[in-house]
Amino acid sequence: MQQRVIEILLPMTLGRRQQHPIHLEQGTLLKVLLVTPRSLLVANDDYFNFVLAVSDENKYWRYF
């Protein structure tokens, strides 16, 4: 099974309730856990996971 990886193109700050925000710098690599027609579920090495829109490909992220 091939593991997919994406690269963040623009810096992002993400947060969840009652947790410190996560800062993602340009060039950060993330593992793709699940792909749907409209979104990607991705995670960093600390298992912080979140959803990105497929429509944002090449704007905020790209496949590495």
Report the distance from atom CD1 of Ile6 to atom CH2 of Trp61, rounding to the nearest 0.5 Å.
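Nearest 0.5 Å value for the CD1-CH2 distance: 6.0 Å.
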Quick one: side-chain hydrogen bond (donor to acceptor under 3.5 Å, both in side chains) partners of Asn44, sequence neighbours excluded?
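Partners of Asn44 by the side-chain hydrogen bond (donor to acceptor under 3.5 Å, both in side chains) criterion come out as none, since no residue qualifies.
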side-chain hydrogen bond (donor to acceptor under 3.5 Å, both in side chains) partners for Tyr60, two or more places apart
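Testing Tyr60 for side-chain hydrogen bond (donor to acceptor under 3.5 Å, both in side chains), a comparison that skips the adjacent residues, returns none.
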What verdict does the side chain to side chain contact (heavy atoms under 4.5 Å, CB included) test give for Ile8 and Leu30, after you've listed the backbone C-alpha separation in whole Å, the side-chain angles of each residue and the deciding distance to 0.1 Å?
CA-CA 8 Å; Ile8 297 297; Leu30 301 167; 3.6 Å; yes
With sequence neighbours left out, what residues match Glu7 under salt bridge (charged side-chain N to carboxylate O under 4.0 Å, His left out)?
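Once residues adjacent in sequence are excluded, the partners of Glu7 under the salt bridge (charged side-chain N to carboxylate O under 4.0 Å, His left out) criterion are Arg62.
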Using the salt bridge (charged side-chain N to carboxylate O under 4.0 Å, His left out) criterion, which residues pair with Asp45? Sequence neighbours excluded.
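Once residues adjacent in sequence are excluded, the partners of Asp45 under the salt bridge (charged side-chain N to carboxylate O under 4.0 Å, His left out) criterion are Lys31.
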How is the hydrophobic cluster of Leu34 composed, in terms of its other members, when Ile, Leu, Val, Met, Phe, Trp and Tyr link through side-chain heavy atoms under 4.5 Å apart, directly or indirectly?
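Leu33, Leu41, Val51, which link up through side-chain heavy atoms under 4.5 Å apart, make up the rest of the cluster.
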Co-members of the apolar cluster containing Leu29 [side chain, <4.5 Å]:
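For the cluster that includes Leu29, the remaining residues are Val5, Phe64.
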For residues 52-59, which side-chain donor-acceptor pairs fall under 3.5 Å, sequence neighbours excluded?
none

For Val35, check side-chain contact (heavy atoms from CB on, under 4.5 Å) against everything at least two apart and list the hits.
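Val35 satisfies side-chain contact (heavy atoms from CB on, under 4.5 Å) with Arg4, Val32, Leu40, Tyr63 only.
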Please list all pairs meeting ring-ring contact (aromatic ring centres under 6.0 Å, His included) that have one or both residues in residues 11-48, counting only residues at least two apart or in different chains.
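Qualifying pairs: Phe48-Phe50.
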Under the salt bridge (charged side-chain N to carboxylate O under 4.0 Å, His left out) rule, what pairs show up with a residue in residues 19-30, not counting sequence neighbours?
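Of all non-adjacent pairs touching residues 19-30, none passes salt bridge (charged side-chain N to carboxylate O under 4.0 Å, His left out).
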